[in-house]
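Written out below as structure tokens is the structure these notes cover.
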Amino acid sequence: MTVVPAQQTGGGGGSSGLYDVLELVLDRGLVIDAFVRVSLVGIEILKIDVRVVVASVDTYLRFAEACNRLDLEAGPRKDPGLPDIVGQVTESGARGKSKGALSGAAETVSEAFKQARDDGSERETQSRPRARKSSSSARRKEEQE
Amino acid sequence: MSTYIYGITAASHPGLPEGMGGVGDPPLPVRVLREGELAALVSDAPEGLRPKRRELLAHQNVLSEAGAAGCVLPMRFGSVAPDDDAVVAVLDERAAHYRERLEALDDRVEYNIKANHVEEAVLHHVMAGNPEIRALAEANRQSGGGSYEQKIQLGEMVASAVKGKEAEDALALERILEPAADAVSVGPESTGWLANVSYLVNRATAEEFLAAVERARKELPHLEVRLNGPLPPYSFVEPGPAEPAGTAAGGTRTGAG
């Protein structure tokens, strides 16, 4: 049978649809203690790592770059004066190094996560929840077969 | 052959997707196991089932098909019973519990809301309200972008200010949406969003909820609000009597087969 893909709202492309419900399908829903669950080890590790690691370094660097590009004229502009940057920079040197290493790990994880997401994308025609109308017609079709 | 379980419904459910393709490659047909007033949507469990995109979608599609026609208690992805008899036995043993949940969730669907800031808008807000950050950004810019450490320092300050704004906006969003829902379930935090909240909504008043979402988008234009639904009520089935032993990392298998 064919499943008619339809999305209620503007959630973006096909992969973001699954991405957005991924944690519902994996982490919520009914669990019955008498049954086993297939191993989700890979996915759990990815989720945790992406959450923790990217939260620090990648975000900081991205924000810093974005601030550099930001047009300050568009916001309220006072003359703020220069804070004591030099002392703070020396202090953060060691931290910078360890974060550099973490940043590498984050890239690896992100890459793996991307691969996981791309996995099986050739099946894109079967996609996501669909509107009530189309699903009932799909069902009718099936009943006829 | 072990049995994969998608969800539990009333036996009187008017549109069970029997024969629909489920997990596995090629997709294994969905079967219905009935016991008393309850039914379970199952299929054979494929060998070596993994949480791949195709399998997750199959699980979700079977459940939304069933959920479109009536109430279904969705299983978490990947639940495998030793055989059909074990599923039927559980339906029998816990019939009262599942009937109660089906009744409580009848005619109700889940909408999941994820929201994040439009980055430029929130950065403007943060810079405008924080002279120290503005000064540091300006200094970095004048020195050609700043060193790695300077960037990290600035980014850290911005991130902290953004986080404060995120909490504020998450609350504002929830205040708009909550009155239009029967129940609220807050999902795990992540850096990907400032709000990840599921709302249980009566089908009859779903339009009101969708209108509230539109209102939120208008009132909080610096947010990107993503709506997913209607979904089976994943976040509102409540855990059964006990958490499974099988969820421990590394300790799982797909059943004895």
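Below, each value reflects all heavy atoms present in this structure, side chains not excepted, and no hydrogens, waters or symmetry copies. The chains referred to below are lettered A, B, ... by the order of the sequence lines, with proteins before strands, and numbering in each begins at 1.
- Without hydrogens or angle criteria, B/R76 side chain to A/L30 main chain gives no donor-acceptor distance under 3.5 Å.
- In this structure, chain A has no heavy atom under 4.5 Å from any part of B/E93.
- Here the closest heavy-atom approach between residue B/L123 and residue A/A66 is recorded as CD1-CB, 3.3 Å.
- No side-chain heavy atom of A/D27 sits less than 4.5 Å from a side-chain heavy atom of B/F77.
- Annotation: side chain of B/V80 is not in contact with side chain of A/R37 (no heavy-atom distance under 4.5 Å).
- Interface residue B/E110: only side-chain heavy atoms are found under 4.5 Å from chain A.
- Heavy-atom minimum distance, A/V25 versus B/H59: CG1-CD2, 3.7 Å.
- Using a 4.5 Å cut-off between heavy atoms, B/K114 contacts chain A through its side chain alone, with no backbone atom that close.
- B/E119 is listed as a side-chain neighbour of A/F63, based on a closest heavy-atom distance under 4.5 Å.
- In this structure the side chain of B/S198 reaches within 4.5 angstrom of the side chain of A/R28, judged on heavy atoms.
- Side-chain contact between B/R134 and A/C67 is absent, with no heavy atoms from C-beta onward closer than 4.5 Å.
- Distance OH/B/Y4 to CZ/A/F35: 12.5 Å, rounded to 0.5 Å.
- Proximity to chain A (any heavy atom under 4.5 Å) is shown, for B/V126, by neither the backbone nor the side chain.
- Scanning both residues, A/L24 and B/Y234, for their nearest heavy atoms gives O-CD2, 3.7 Å.
- Atom OG in B/S79 sits 6.5 Å away from atom CD1 in A/I32 (nearest 0.5 Å).
- For the set B/I8, B/T3, B/L73, B/I5, the count of heavy-atom pairs under 4.5 angstrom toward chain A peaks at B/I5.
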